[in-house]
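Below, chains carry the letters A, B, ... as their sequence lines are ordered, and counting in each starts from 1. For clarity, every value in this text was computed on a predicted model and none was experimentally measured.
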Number of protein chains: 2
Amino acid sequence: MSCAEPKRCHHNQLVNCGDCRLGPLCLPIALNTAEIDQLDDIVKRGRPLGKGEHLFRQAEAFGAVYAVRSGSFKAYSTSDDGTEQVTGFYLPGEILGMDGISSLKHCSSAVALETSTVCEIPFGRLEELSSQLPSLQRRFFQIMGNEITKDQQMLTLLGKNSAEERVASLLLSISSRNHHRNLSPTRFRLSMSRAEIGNYMGLTVETVSRVFSRLQKQEVIGVDNREVEILDMAKLKSVANVT
Amino acid sequence: MSCAEPKRCHHNQLVNCGDCRLGPLCLPIALNTAEIDQLDDIVKRGRPLGKGEHLFRQAEAFGAVYAVRSGSFKAYSTSDDGTEQVTGFYLPGEILGMDGISSLKHCSSAVALETSTVCEIPFGRLEELSSQLPSLQRRFFQIMGNEITKDQQMLTLLGKNSAEERVASLLLSISSRNHHRNLSPTRFRLSMSRAEIGNYMGLTVETVSRVFSRLQKQEVIGVDNREVEILDMAKLKSVANVT
DNA sequence: CGAGTCATTGATGAACTTCAAAGGGAGTGG
DNA sequence: CCACTCCCTTTGAAGTTCATCAATGACTCG
């Protein structure tokens, strides 16, 4: 993708928080113009990361949280025995890196699943600014609360639900997050592999693949490699066990 | 338990944050004496809750977080179809109720597993005070970060680990939390039922019971109903797959 | 003391994993 | 630009673990 039209390019480093089309999804919600400018001052916009590049690694010192501007990331933690557990996928407008807040060390790693850009928000300065701007403090509490709620929903999913329910839930989650970003909720490209989906959902690659095949045979979804189309949203929701 | 000795009774409502023996585990960490007094002013100490009484219920308006002072709580969420998922157990010194911060509605319920007391911390006033006391703001960010980290470790456990690993991990978690509170890390009474453990760990009652029996037969633990003794800590850790 | 909940144990079966093999796609280097 | 390679994906067959069903025993609390 070329960046001939800076204003519209997703990887453009120059757009500030006030102009960012992700603003309504990201940290600035509920801030007024002056407050957004203050937030903007502490945000660092980095160069794009290529697929496979790390944003941070487990055990590194924690210094900042990151807002995804374009692309997508996978967060995962590595156990002593070397096995990995995917703890989340992050799409544009979402905040990652909060795992390091408690111990000041990251307890997970984050890697780009495709060419991606982020806004880096140094945590120390975010804390300072939060003290001065109650709406920013509230917003950040809210974002952390969201992460907690999301993780607890994942616990329910992993504890109780079948393979089909898990995979269907993931597709619905991505669909809904795309919808919020004004992208198609029914057609999208998965930036993660079957193995990564399986790891995240507590399943093997083979099981994920089989679920995809079954859902396709039932004409609930259409799948072509990583391209997914949701053909029957109602049925997909019933498979996922949500209303 | 009678409260003839108010200073030492766990259910005593009069002890303030500065004198509370749980202080070093709870919110006040990292606050100085004057700051603790300010925190103390917003904390409400309630009457004891009996076993089975709810602290808050799913879908209720969120107004406060709670620090456990004595006893223990179970947090759980209920799906549309009526099934419940336990999302956590909370012991003295731990904070619960943060699930409501993002949407201002509780998305889980909390029930006392035995006679228990809590300190209620109205969230609005906590936010205000956090703006004024950077160390309190930092501490609360840290507590929320802890909750995130804990939930993500649970995700790994549910996604990858066998029944034995899950149950062993829970026992080790309780052991270590008891240890921090200067209680025996090797002998304790479980305040939750096998069904609640199973629900939390994504297992059935029967499986939990069988794991307990197997661990007892291998002389890793001793179990008499809800009384547990860890006989071989090293072996329990190896069963749980931790170092 | 009795009723009901909670815990244990056994037998059976289903869901998912593991092992195995072969068929695409994307990217690279000749 | 094509061919090669590697990784990702799909599909099949066999094996495990845990859930389900069922029955009995133990504890707790009115």
For the pair made of [atom1] in [X] and [atom2] in [N], what is the distance, rounded to whole Å?
{"X": "B:K51", "N": "D:dG30", "atom1": "NZ", "atom2": "C1'", "value": "14 Å"}
{"X": "A:L190", "N": "C:dG25", "atom1": "CG", "atom2": "C1'", "value": "16 Å"}
{"X": "A:E114", "N": "D:dC8", "atom1": "CD", "atom2": "C1'", "value": "17 Å"}
{"X": "A:L215", "N": "D:dT10", "atom1": "CG", "atom2": "P", "value": "12 Å"}
{"X": "A:I197", "N": "D:dT9", "atom1": "CD1", "atom2": "C1'", "value": "11 Å"}
{"X": "B:E227", "N": "D:dC27", "atom1": "CD", "atom2": "C1'", "value": "13 Å"}

- Apply side chain to side chain contact (heavy atoms under 4.5 Å, CB included) to the pair A:L55 and A:L49, showing each step before the final yes or no. CA-CA 8 Å; A:L55 191 53; A:L49 280 84; 4.3 Å; yes

- Message: Would you say that more than 12 heavy atoms from the other residues, nucleotides or ligands in this model lie under 6.0 Å from the CZ of A:R226, or not?
- Response: yes

- Task: Assign a letter to each nucleotide of nucleotides 6-20 of chain C from its 5' end: B, base within under 4.0 Å of a protein heavy atom; S, sugar-phosphate only; -, no contact.
- Result: SSBBBB----SBBB-

- SB check A:K105 A:E60 (cutoff 4.0 Å):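 Between A:E60 and A:K105 there is no salt bridge, as every charged N stays at least 4.0 Å from the carboxylate O atoms.
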
- Query: Who passes salt bridge (Lys or Arg N to Asp or Glu O under 4.0 Å) against B:E114, sequence neighbours left out?
  - Reply: none

- Query: According to the interplanar angle, ranging from 0 to 90°, do the rings of B:F56 and B:Y66 count as parallel (below 30°), tilted (30 to 60°) or perpendicular (above 60°)?
  - Reply: parallel

- Query: Regarding A:H54 and A:R57, is there a side-chain donor-to-acceptor distance under 3.5 Å anywhere?
  - Reply: yes

- Message: I want to check something: taking the side chain as every heavy atom from C-beta on, are B:I197 and B:M192 in contact at a cut-off of under 4.5 Å?
- Response: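 The answer is yes; the side chains approach within 4.5 Å.
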
- Query: Under 4.5 Å between any side-chain heavy atoms of A:E196 and A:L113, yes or no?
  - Reply: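 A side-chain contact exists here, since the closest heavy-atom pair is under 4.5 Å.
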
- Note on the structure: If each end axis of the helix from C:dC1-D:dG30 to C:dG30-D:dC1 is fitted on five C1' pair positions, the angle between them, to 10 degrees, is 50°

